[in-house]
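Below is one structure; the comments refer to it alone.
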Number of protein chains: 2
Amino acid sequence: MGSYENGDSPAAAACEGGVILGVDGGTTSTVCVCLPAAMPPPEAPGAVPVLSRAIAGCSNRNSVGESAALETLEQVMAQALTMASTDHSNVVAVCLSVSGVNHPSDQQKMLDWIRNLFPGDAKFYVENDAVAALASGTMGKLHGCVLIAGTGSIAYGVTEDGKLARAAGAGPVLGDWGSGYGIAAQALTAVVKAHDGRGPQTNLTGAIIRKLEISSPDELIGWTYADPSWARIAALVPVVVSAAEDGDEVANTILRDAVQELADSVVAVVRRLALCGEDGKDQFPLVLVGGVLEGNKKWNISGEVIKCISKVFPGVHAIRPEVEPAIGAALLAWSHLLKELKLENGS
Amino acid sequence: MGSYENGDSPAAAACEGGVILGVDGGTTSTVCVCLPAAMPPPEAPGAVPVLSRAIAGCSNRNSVGESAALETLEQVMAQALTMASTDHSNVVAVCLSVSGVNHPSDQQKMLDWIRNLFPGDAKFYVENDAVAALASGTMGKLHGCVLIAGTGSIAYGVTEDGKLARAAGAGPVLGDWGSGYGIAAQALTAVVKAHDGRGPQTNLTGAIIRKLEISSPDELIGWTYADPSWARIAALVPVVVSAAEDGDEVANTILRDAVQELADSVVAVVRRLALCGEDGKDQFPLVLVGGVLEGNKKWNISGEVIKCISKVFPGVHAIRPEVEPAIGAALLAWSHLLKELKLENGS
């Protein structure tokens with residue numbers, strides 16, 4: 001690092017050329033990371049030079065209200081800057097990826113708010129959390145598709161020239177059957193159908209009854225409506241996977257159908273954005289995120305999804321993010337910034 | 001009617017031998033009817049000698065709380081008795097069919113409560129509203145199956161020796177796809193899938209967008225989650241039926257699937273209760289209730305359901321109730337009473 005004139009610390013030296021903030025604001029917590037703007041393109045996750053990382057509570061406006069959400073965001077950014085021994089004046093770009101901010105009008109409000117927090121001509125970006133998840137897999141490159149399958153599911157794609165497309169992600173009423181909620185709801189339906197004589201017997205019955213500590217499928221109705229939270233239903237996915245691994249045909253059919261739904265949503269996005277090139281054979285990144293796609297099971301849902309997609313688009317290149325969404329957001333800010341600088345320089 | 005001694009009115013004469021009350025307690029309103037206990041078995045709807053009919057507000061304990069619900073029930077019964085020029089001492093049987101009373105413990109509580117309202121040895125019955133709907137079609141006979149398909153759906157069967165079975169009726173999470181909610185949710189899903197490139201184009205898109213006065217399927221997510229009421233979703237069924245009648249293949253598939261689901265639920269109940277006799281060919285009544293089964297459309301959902309069932313059980317005899325559920329409840333009280341008297345007399 002050499003010597004530091006004027007009492008500059010190593011941290012301050014790293015902040016020369018300005019810093020970038022990436023914020024991942026969720027319902028459980030909010031994370032802000034600070035990166036040096038003058039870093040080389042990080043090809044590998046380990047190469048991201050994180051200067052600081054701050055954590056705060058919920059910043060979902062739908063949960064805590066707008067003013068509390070904004071206060072949390074303001075504090076977590078200030079904390080990250082302090083931890084990196086720098087301040088607001090040194091920020092050149094910020095990317096906020098905050099859940100609950102979906103409409104363009106919300107995004108604009110957010111942009112107006114954040115502009116007033118920082119002096120000078122810093123750049124600001126407000127992104128969908130799916131885009132930040134994509135960037136966390138592509139190390140900031142804005143090209144490819146992300147498939148998120150946790151409690152809900154969504155496929156989201158972006159092209160380098162800024163085109164966007166999504167599929168699924170509409171919630172249970174509108175048929176996200178590949179999501180954790182969808183898989184578990186199908187399993188509960190199969191248990192009810194077996195119980196009242198409309199469907200084949202399944203080992204899901206015993207497994208789900210044991211898991212929920214109820215005595216009969218009759219109690220499922222009460223259990224379901226006692227608390228309508230989707231996450232509570234989706235928490236039954238591991239039971240379905242275990243039953244399928246043990247050879248239960250009903251559970252296997254549910255997982256195969258879910259795989260097809262998830263693959264269909266990716267195929268729809270890739271086709272609409274022509275991510276696979278004109279001949280349909282170009283390589284494109286597919287970032288896989290969420291509990292349903294964790295690949296450490298014998299019944300490998302994400303592996304089957306990729307197999308399904310590669311039959312249509314052989315160039316699919318699966319990536320599991322090794323950095324967190326906040327770094328994805330920061331890399332996104334960095335990419336956007338680089339692009340704007342290139343445009344300004346006419347290159 | 002002859003002459004009335006001691007100032008007896010014709011109404012009072014009709015009450016000789018005691019009266020029966022039937023109560024249909026719902027979320028919208030509560031109806032109580034009063035019938036003479038000494039009536040002949042009513043073979044036809046027009047032959048039911050209704051002495052009085054009183055109406056009150058909501059008596060669903062889940063909506064207005066237990067004490068308000070009980071007060072409404074108490075008042076509507078007192079009013080019906082006054083209108084029939086009689087009083088509590090003349091009541092020989094009451095059947096309450098109240099929504100929101102599902103568990104045996106709730107039923108027992110209700111029985112204990114109503115026993116204290118009436119002096120002497122009147123008989124009291126608390127029944128599922130599906131059983132009252134069955135009785136409104138079978139004119140009080142306790143044998144057969146009722147299929148209810150409105151916002152939700154349920155198949156419920158009863159045998160003369162008191163065996164019960166149900167199928168479906170578990171709500172959207174647990175897969176009531178033959179219900180009004182189920183049909184409409186499938187239609188909304190088809191629109192979303194067509195829009196994001198996962199499914200075939202369908203005329204449902206234009207029809208639903210016009211009906212909901214939105215500008216694009218993108219707005220469906222917001223529309224759906226603005227109000228999670230199932231009835232609001234189910235109100236789209238007529239749009240699906242119209243699209244199917246106009247030849248839309250997606251809408252036709254949704255309705256055919258719903259028909260199969262509804263038929264499956266009836267077949268499961270009939271099979272479990274052996275309502276069709278040992279050879280599977282006995283005649284049995286199937287009472288059809290609810291908006292989805294109203295038979296005045298070109299695309300005749302109930303007609304198709306019956307066709308489907310009759311392939312398995314040719315003895316199915318479809319009935320649309322011509323009397324209201326409160327009369328069904330009263331006829332149920334009357335049937336129960338007759339049975340108990342026969343048992344007491346050893347006949």
Side-chain angles (χ1 to χ4, degrees), chain A residues 62 102-104 152 154-157 165-178 181-182 184-199 217-225 227-230 232-233 260-273, chain B residues 62 102-104 152 154-157 165-178 181-182 184-199 217-225 227-230 232-233 260-273:
Chain A
N62 298 332
N102 299 310
H103 293 279
I154 188 168
Y156 204 97
R166 61 176 278 176
V173 178
L174 302 174
D176 273 356
W177 296 116
Y181 172 90
Q186 301 275 49
L188 291 170
T189 299
V191 170
V192 169
K193 287 198 168 184
H195 182 64
D196 67 23
R198 286 179 294 154
D218 284 325
E219 291 173 40
L220 275 181
I221 302 177
W223 181 85
T224 307
Y225 297 106
D227 175 355
S229 136
W230 301 343
R232 183 169 161 262
I233 309 274
Q260 191 63 55
E261 288 275 338
L262 293 170
D264 284 353
S265 63
V266 171
V267 165
V269 164
V270 171
R271 182 168 285 141
R272 273 158 65 201
L273 296 178
Chain B
N62 298 332
N102 300 309
H103 293 279
I154 188 169
Y156 204 96
R166 60 176 278 175
V173 178
L174 301 174
D176 273 357
W177 296 117
Y181 172 90
Q186 301 274 49
L188 292 170
T189 298
V191 170
V192 168
K193 287 197 168 185
H195 182 64
D196 66 24
R198 286 179 295 155
D218 283 326
E219 291 174 39
L220 275 182
I221 302 177
W223 181 85
T224 308
Y225 297 107
D227 175 355
S229 135
W230 301 343
R232 182 168 162 264
I233 309 275
Q260 192 62 54
E261 288 275 337
L262 292 171
D264 285 352
S265 62
V266 171
V267 165
V269 164
V270 171
R271 182 167 286 142
R272 273 157 65 200
L273 296 177

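Just so it is clear, the values below take in all heavy atoms, side chains as well, and ignore hydrogens, waters and symmetry mates. In what follows, chains carry the letters A, B, and so on, assigned in the order in which the sequence lines appear, proteins first and then strands, with residues in each chain numbered from 1.
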- Checking A:Arg272 against chain B: side chain, backbone, both or neither under 4.5 Å from a heavy atom? side chain

- Task: Give, for atom CD of A:Gln186 and atom OH of A:Tyr181, the distance between the pair rounded to the nearest 0.5 Å.
- Result: 9.5 Å

- Item | Spacing of B:Leu188 atom CG and B:Ile221 atom CD1 [to the nearest 0.5 Å] | 11.0 Å

- Task: Indicate yes or no for a side-chain donor-acceptor contact from A:Arg198 to the backbone of B:Ala167 under 3.5 Å, with no hydrogens or angles considered.
- Result: no

- Against chain A, work out which of B:Ala155, B:Ala168, B:Ala187 has the most heavy-atom pairs shorter than 4.5 Å and name it. B:Ala168

- Quick one: which of B:Gly169, B:Ala185, B:Ala165, B:Ala170 has the most heavy-atom pairs under 4.5 Å with chain A, could you say? B:Ala170

- So which of B:Asp264, B:Asp196, B:Val269 has the largest heavy-atom pair count under 4.5 angstrom toward chain A? B:Asp196

- Under 4.5 Å heavy-atom distance to chain B, tell me which part of A:Arg271 shows up: side chain, backbone, both or neither. neither

- Query: Residues two or more places apart in sequence or in another chain: which of them pass ring-ring contact (aromatic ring centres under 6.0 Å, His included) with A:Trp223?
  - Reply: none

- Message: Just to verify, what does A:Thr224 make a side chain to side chain contact (heavy atoms under 4.5 Å, CB included) with, not counting sequence neighbours?
- Response: A:Ile233, B:Val173, B:Leu174

- What part of A:Ala190 gets closer than 4.5 Å to chain B, counting heavy atoms only: side chain, backbone, both or neither? neither

